[in-house]
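Okay, structure first, notes after.
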Protein chains: 2
Amino acid sequence: MPRTDMIDIKEAQEVFIDCLKSRGLRYTSQREAILETFLSSMKHLTVEELYALVKEKNMDIGYATVARNMKFLVECGIADEIKVGNKRTRFERHYGRQHHDHLICLKCGAFIEVHDSNIEMLQNKLAEANDFVPQRHKLEIYGICRECR
Amino acid sequence: MPRTDMIDIKEAQEVFIDCLKSRGLRYTSQREAILETFLSSMKHLTVEELYALVKEKNMDIGYATVARNMKFLVECGIADEIKVGNKRTRFERHYGRQHHDHLICLKCGAFIEVHDSNIEMLQNKLAEANDFVPQRHKLEIYGICRECR
DNA sequence: GGTGATATTGATAATGGTTATCATTATTGT
DNA sequence: ACAATAATGATAACCATTATCAATATCACC
């Protein structure tokens, strides 16, 4: 595990603890395990996958606990939900990362993360032109990735 | 009902019939009722809402039939699915319309249709820069609409 | 028009993912 | 230590969508 990730995990931990405290909630061993497992993985995990990973660490935990707490991680700004179709929701790291969009391969399902500040700017202009106050957005481009051609 | 819509319905009907035929499927009275009701509505309907509308016309129809055939309408290029969160899928007209994106109000749930060809162009460039062949995309901007401020 | 093959329908069951329930356990502040 | 409160985890409930299947309708062909 590279050093930068270690640091990020500690930072994120503090953010999570503060966020929980501000809502009168506690930082439990389960929450710690979920947070660490989630941040250590570089993948876009589902609750099911994360649940399995936490269990692998000899941690006795319930599915509901993982599902519930992933919601908290989202609310605390540490994770983001990725919903595609009717499939299981996946989560990606949000804390410490800049906003990005996704290229989604229709063959292999790969998520390629991209960013274009010009597009972001034009999106804001587009919203303004419609008297609309933008808060967040989702851009997904579906197609075929390099490997699948 | 304005004249242009009447014409559009007939055109769409032909497209639908051709699409069905090419797949060895039939154009039934239920399919006709669903198509007409769908195209006559200017709203983004759910299967449930469409089902209710068709029934209002003294048409005896089942929920499953509506759901099934909305899928066909999508496959035939007449309708588009709009999925937001875990809510019911909504459908909008696709045939005869140019592609557009949505501003979605977080308060009232309104869908405002917008289009920006510059954004589209940049999206294609972005995909190309990643050796990705784009097929379609989805851009949703969430925020607060004019009426809700 | 009749006939056999095939598609459609619609009531309902099954599915799949997410969320709610609730008794039990753990943690906190005093 | 105690009372108050939150967390957990097994499971049920929920909700939208999709599958099933017997009954019905439609088609192509004779």
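Numbers restart at 1 for each chain; the letters A, B, ... are given by sequence-line order, proteins then strands. Just so it is clear, the model here is predicted, and its values are computed rather than measured.
OP1 and OP2 of C:dG10 both lie 4.0 Å or more from every side-chain N or O belonging to B:Arg68. For A:Thr65 and D:dG9, the shortest distance from a side-chain N or O to OP1 or OP2 is below 4.0 Å. Neither OP1 nor OP2 of D:dA6 sits under 4.0 Å from any side-chain N or O of A:Thr28. The phosphate of C:dA26 (OP1 or OP2) has no side-chain N or O of A:Gln30 nearer than 4.0 angstrom. Between A:Asn69 and the phosphate of D:dT8, there is a side-chain N or O to OP1/OP2 separation shorter than 4.0 Å. Applying the 4.0 Å criterion to OP1 and OP2 of D:dA16, one finds that B:Lys87 has every side-chain N and O outside that range. For A:Thr89, no side-chain nitrogen or oxygen approaches OP1 or OP2 of C:dG17 to under 4.0 Å. Proximity of A:Asn86 to the phosphate of D:dT18: a side-chain N or O atom is located under 4.0 Å from OP1 or OP2.
Atom OH of B:Tyr51 and atom P of D:dA16 are 15 Å apart (whole Å). For the pair A:Arg31 CZ and C:dT28 C1', the interatomic distance rounds to 14 Å; values are reported in whole Å. Atom OH of A:Tyr27 and atom P of D:dT8 are 11 Å apart (whole Å). Rounded to an integer number of Å, the gap from CE of B:Met70 to P of D:dA16 is 17 Å. The distance between atom CD of B:Glu32 and atom P of D:dA25, rounded to the nearest whole Å, is 17 Å. Rounded to whole Å, atom C1' of D:dA7 lies 12 Å from atom CZ of A:Phe16. The OH-P distance, from A:Tyr63 to C:dG17, rounds to 8 Å in whole Å. For the pair B:Ile61 CD1 and D:dA25 P, the interatomic distance rounds to 15 Å; values are reported in whole Å.
B:Tyr142 and B:Ile112 fall into different hydrophobic clusters, where Ile, Leu, Val, Met, Phe, Trp and Tyr are joined by side-chain heavy atoms under 4.5 Å apart, directly or via other members.
Under the 4.0 Å criterion applied to side-chain N and carboxylate O atoms, A:Asp8 and A:Arg93 are assigned as salt-bridge partners. A salt bridge does not link A:Glu36 to A:Lys57: none of the charged side-chain nitrogens sits closer than 4.0 Å to a carboxylate oxygen.
Closest to the side chain of A:Leu25, out of D:dA7, D:dT17, C:dT8, is D:dA7.
Closest-nucleotide positions on DNA chain D for B:Lys83 and B:Ser29 were compared, and the one nearer the 5' end corresponds to B:Lys83. Judged by closest nucleotide on DNA chain C, B:Lys55 is the one of B:Lys55 and A:Glu48 placed further toward the 5' end.
Side chain A:Arg26 to base D:dT5: a donor-acceptor pair is found below 3.5 Å.
Between B:His99 and B:His115, the ring planes are perpendicular. Angles over 60° get that label, and only those under 30° would be called parallel.
Under the 3.5 Å distance criterion, the side-chain polar atoms of B:His100 are matched with a main-chain donor or acceptor of B:Gln98.
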